[in-house]
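For reference, the structure is listed below as structure tokens.
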Amino acid sequence: MKPDSPHILLVNPWIHDFAAYDFWAKPLGLLTLTALLRSHGLSVSYIDCLDRFHPKAPAADPAARYGRGPYLKTRIAKPHGLRSVQRTFSRYGIKPQWFKEDLQTLEPPDLILITSLMTYWYTGVQETIAILQALFPDTPIILGGIYASLCDKHAIKNAGADDIFRGPAEDALFDLIAKYTHFTTTPRFNPQKLDTYPYPALDLQNRVNYVPLLTSRGCPFKCTYCASHFLNPYRMWRSPDSVIEEIKFWYKSYQVQDFVLYDDAFLVNAEQHAIPLLEKIILADSHLRFHTPNALHIRGLNAQTARLLFRAGFKTIRLGLETAEFDHRETIDRKVTEDDFRQTAKYLKEAGFEKHQVGAYLLMGLPGQELAAVERSIRAVQETQITPILAYYSPIPHTAMWPKAVAASRYDLEADPIFTNNSVIPCQSEAFNWETVSALKELASGSDTE
Ligand code: B12
């Protein structure tokens, strides 16, 4: 008979792409589920196929700043349908041999939970699952995460998992465990109260090089290109005190210096959330570094919030500008006017931020968008004390823009999520070539960003 505490293996799969870099990417959802299972007495093992600090990996690049850095990569064949793309395609992450060896050292798991991120990375998920299945043919494998939620039908047919889970899993986690292992427990946390969650199981990594923080979930906006409202339909907040305690924990236990906000709407309702939290960070006088790669809302920035962010130790600020064609933005969102943007640049500069620390994301490759418009946006941002950063648009199912994207694309987006890869700028209407894309990228990155 099995012991009453089953063994659960949690896996972060490989990335397959034309390009990938660890810009502070951690599978925060999977690590939260791992921590919940562990805190309820289950035995857990965690394997990260993207581990940059695997014992067999070459030493990490010392030049990489603030915990970011390159993944190990191995060239692989391009997926069917993207063979004509004139770029190399790679598996990013540890060598398959290391993965197999690590799996072989484990006590056979009773259940495997695997996560997924970008929709177009699903071939990396398939490859990971195929290896897991070959080694543990009798163990059920459940796939969750962003690809599984956004492309559930595709995942059911193609991922190779025994079951697919959609959406946030905290509520259903222990029912799922009971279904597959007959382990039952009374949850000792409240899925609706983020403060009752244990900290993500980052300590199971080979190194805790930075810590992702989700101080709130959900987003009140419904920007036409974004799936946040579909993936996280409810707004939830952590209390500032609980966030501060977590920061202190990672600093004291693992000397972590870099903290990365994953919130979709950190500065929304700032009076109740961001402002008290930033004030507490300042009071703690920690000299830690904070980063916002997932972009802050420009309208949430004013003289006060800009000053608090600076004093709290924010080093890398990203803003969700998306386009500086202010007259046409109603097709995207209604967040920002030209005046808002110029004011924000001024507030950030007055607070002490330098141009290289602040980047404004500009979406490129939106359906119907002309390249000339992208160029105008880059130049408009360059006139301010902010650095433009090009973000290639990835069409996402369940967003308002999806039907337009499907109509505009030179690929059959509905047929295969592989075509939603932002690297191939699938919805660009004008003649596509890498030279034009590189030229725009060059123009945007004229001045370096942190
Ligand atoms: C934080 C974030 C990032 C981080 C990195 C995150 C990471 N892990 O790598 C940063 C800022 C670097 C980033 C970058 C990008 N991102 Co991003 N990002 C997000 C964001 C806001 C949150 C993800 C997250 O951590 N959520 C919090 C955790 C708790 O949730 P979770 O991981 O989903 O896990 C829960 C469930 O999914 C489930 N679950 C997860 N795994 C499993 C497994 C099992 C077995 C089960 C049962 C359940 C389960 O339970 C978990 C707990 O509830 C999402 C939007 C969103 N709100 O989801 C976009 C999102 C994923 N990003 C997106 C995009 C487009 C990008 C970019 C391409 C942007 C660009 N154009 O430049 C880049 C490129 C990324 C790259 N690495 O190359 C898109 C996805 C597009 C797509 N086609 O798939 C999203 C959906 C946003 C959007 N526009 O709609 N991103």
Side-chain angles (χ1 to χ4, degrees), residues 8-13 15 17-36 50 68 71 92 111-122 125 140-151 161-173 175-177 180 191 194 197 200 212-214 216-219 223-233 236 260-266 291-295 318 320 322 361-365 389-399 401-402 405 413 417-423 425-426:
I8 317 291
L9 168 62
L10 299 105
V11 180
N12 187 33
I15 293 173
D17 207 335
F18 296 99
Y21 189 87
D22 180 5
F23 283 114
W24 295 304
K26 293 276 183 239
L28 185 54
L30 188 74
L31 288 163
T32 302
L33 302 182
T34 311
L36 280 167
L50 300 183
R68 291 168 295 190
Y71 296 116
Y92 290 85
L111 178 65
I112 300 174
L113 303 183
I114 171 166
T115 193
S116 58
L117 195 65
M118 300 296 146
T119 49
Y120 46 87
W121 288 346
Y122 77 86
V125 172
I141 301 178
I142 307 178
L143 172 68
I146 309 271
Y147 156 67
S149 303
L150 292 173
C151 302
D162 297 286
D163 203 352
I164 299 294
F165 187 89
R166 302 158 192 83
E170 287 84 356
D171 236 335
L173 182 64
D175 288 342
L176 204 63
I177 298 294
Y180 284 97
L194 297 177
Y197 291 21
L213 292 171
L214 199 54
S216 65
R217 286 200 186 183
C219 179
C223 300
T224 56
Y225 56 84
C226 180
S228 173
H229 60 91
F230 175 81
L231 292 164
N232 301 101
M236 290 199 272
V260 184
L261 288 192
Y262 273 10
D263 296 46
D264 274 314
F266 181 64
H291 314 277
T292 68
N294 193 30
R318 295 290 175 262
E322 325 309 358
Y361 287 130
L362 289 172
L363 274 171
M364 158 160 179
I389 301 180
L390 279 191
Y392 305 144
Y393 166 63
S394 167
I396 311 175
H398 307 285
T399 60
M401 201 175 271
W402 175 252
L413 299 184
I418 205 81
F419 299 131
T420 64
N421 190 325
N422 63 347
S423 293
I425 319 191

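Remember, it's 1-based here, ligands and their atoms both numbered in the order they're listed.
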Is there a heavy atom in T32 that sits closer than 4.0 Å to ligand 1? no
Relative to the heavy atoms of A391, which atoms of ligand 1 are at a distance of less than 4.0 Å? 71 (N), 72 (O)
Minimum-distance protein heavy atom relative to atom 85 (C) of ligand 1: I396 CD1, 4.6 Å
Is there a protein heavy atom at a distance of less than 4.0 Å from atom 88 (C) of ligand 1? yes
Within the structure, does at least one protein heavy atom fall under 4.0 Å of atom 54 (C) of ligand 1? no
Under 4.0 Å from atom 91 (N) of ligand 1, can you find at least one protein heavy atom? no
Donor-acceptor check, side chain of D263 to backbone of A265, threshold 3.5 angstrom: yes or no? no
Closest non-hydrogen atom pair, N12 against L30: N-CD2, 3.9 Å
Could you go through the side-chain contact (heavy atoms from CB on, under 4.5 Å) check for L413 and W402 one step at a time? CA-CA 9 Å; L413 299 184; W402 175 252; 3.7 Å; yes
Just wondering, do L28 and Y262 contact through their side chains at under 4.5 Å, heavy atoms? yes
Residue and atom name of the nearest protein heavy atom (relative to atom 34 (O) of ligand 1), distance in Å to one decimal: G29 CA, 3.3 Å
Is there side-chain contact between L143 and S116, with heavy atoms separated by less than 4.5 Å? yes
How far is atom 4 (C) of ligand 1 from the closest protein heavy atom, and which atom is that? Y262 CE1, 4.2 Å
Contact between S394 and ligand 1, counting heavy atoms under 4.0 Å? yes
Do the side chains of P200 and T34 get nearer than 4.5 Å, heavy atoms only? no
Sub-4.5 Å side-chain heavy-atom contact between I112 and V11: yes
Option with minimal heavy-atom separation from atom 8 (N) of ligand 1, where the choices are R217, K26, M364: K26
Among all protein heavy atoms, pick the one closest to atom 50 (O) of ligand 1 and tell me residue, atom and distance. A169 N, 3.3 Å
At a 4.0 Å threshold, what atoms of ligand 1 neighbour a non-hydrogen atom of L214? 27 (C), 29 (C)
Is there a polar contact between ligand 1 and L28, counting only N or O atoms under 3.5 Å apart? no
Numbered atoms of ligand 1 (with element) below 4.0 Å of G167, judged on heavy atoms: 36 (C), 37 (O), 38 (C), 50 (O)
Counting from 1 in the order shown, the ligand 1 atoms closer than 4.0 Å to a non-hydrogen atom of I146 are 33 (O), 58 (O), 61 (C)
Where the side chain of S216 meets the backbone of M236, is there a donor-acceptor pair that is under 3.5 Å apart? no
State whether the shortest distance between N or O atoms of Y392 and N or O atoms of ligand 1 falls below 3.5 angstrom. yes
Residue-level breakdown please: for L33 versus ligand 1, do any non-hydrogen atoms fall below 4.0 Å on the side chain, on the backbone, on both, or on neither? side chain
Smallest separation among heavy atoms of P168 and L231, with atom names: CD-O, 3.4 Å
Less than 4.0 Å between atom 81 (C) of ligand 1 and some protein heavy atom, yes or no? yes
Shortest protein heavy-atom distance from atom 12 (C) of ligand 1, along with the residue and atom involved: F23 O, 3.4 Å
Shortest non-hydrogen separation from R318 to P293 and the atoms involved: CG-CA, 3.9 Å
Does the protein put a heavy atom under 4.0 Å from atom 18 (N) of ligand 1? no
Only heavy atoms count here, so choose which of N421, D264, T292 is nearest to atom 57 (N) of ligand 1. D264
Test item: N422 and Y120 side chains (from C-beta on) under 4.5 Å apart, heavy atoms: yes
Does the pair I15 and L50 meet the rule for a side-chain contact (heavy atoms from CB on, under 4.5 Å), with working shown? CA-CA 8 Å; I15 293 173; L50 300 183; 3.8 Å; yes
For atom 69 (C) of ligand 1, is there a protein heavy atom at a distance under 4.0 Å? no
N232 N/O under 3.5 Å from ligand 1 N/O: yes
For A20, state whether at least one heavy atom is located under 4.0 Å from any atom of ligand 1. no
Test of proximity, T115 against ligand 1: N or O pairs below 3.5 Å: yes
Measure from atom 62 (N) of ligand 1 to every heavy atom in R318, R68, M118 and give the option owning the shortest one. M118
Under a plain distance cut-off of 3.5 Å, with no hydrogens placed, do Y180 and D162 share a side-chain donor-acceptor pair? no
Please identify which atoms of ligand 1 are closer than 4.0 Å to at least one heavy atom of Y120. 68 (C), 83 (N)
Look at atom 46 (C) of ligand 1 and say whether a protein heavy atom is found at less than 4.0 angstrom from it. yes
Could you tell me whether atom 22 (C) of ligand 1 has a protein heavy atom closer than 4.0 Å? no
I want to check something: taking the side chain as every heavy atom from C-beta on, are L363 and Y393 in contact at a cut-off of under 4.5 Å? yes
What is the minimum heavy-atom distance between I418 and Y122, and which atoms define it? N-CE2, 3.6 Å
What atoms of ligand 1 come within less than 4.0 Å of a heavy atom belonging to A227? 88 (C), 90 (O)
Closest to atom 11 (C) of ligand 1 (heavy atoms only, candidates P293, A265, P168) is P293
Residue portion contacting ligand 1 (non-hydrogen atoms closer than 4.0 Å) for I15: neither
Please work out whether any backbone atom (N, CA, C, O) or any side-chain heavy atom from C-beta onward of D17 is under 4.0 Å from ligand 1, and answer side chain, backbone, both or neither. neither
Can you find an N/O atom of Y21 closer than 3.5 Å to an N/O atom of ligand 1? no
Checking a contact table here: which protein heavy atom is nearest atom 86 (C) of ligand 1, and how many Å away? L231 CD1, 3.5 Å
Heavy-atom closest pair, residues S228 and C219: OG-CB, 3.7 Å
Distance-minimising heavy-atom pair for H398 and F230: ND1-CE1, 3.5 Å
heavy-atom search around atom 84 (O) of ligand 1 in the protein gives T119 N, 2.8 Å
shortest atom 39 (N) of ligand 1-to-protein heavy-atom contact is with G145 N, 3.5 Å
Does an N or O from N294, backbone or side chain, lie closer than 3.5 Å to an N or O of ligand 1? no
Yes or no on side-chain hydrogen bond (donor to acceptor under 3.5 Å, both in side chains) for N294 and D264, after CA distance, side-chain angles and deciding distance? CA-CA 7 Å; N294 193 30; D264 274 314; 3.2 Å; yes
Name the option, out of L113, I114, L36, that contains the heavy atom nearest to atom 43 (C) of ligand 1. I114
Min N/O separation W121 to ligand 1 under 3.5 Å: no
Output yes when a side-chain donor or acceptor of Y21 lies under 3.5 Å from a complementary backbone atom of R68, and no otherwise. no
Considering the heavy atoms of E170, write down every atom of ligand 1 situated less than 4.0 Å from one of them. 52 (C), 53 (O)
So the atoms of ligand 1 within less than 4.0 Å of a heavy atom of I142 turn out to be 45 (C)
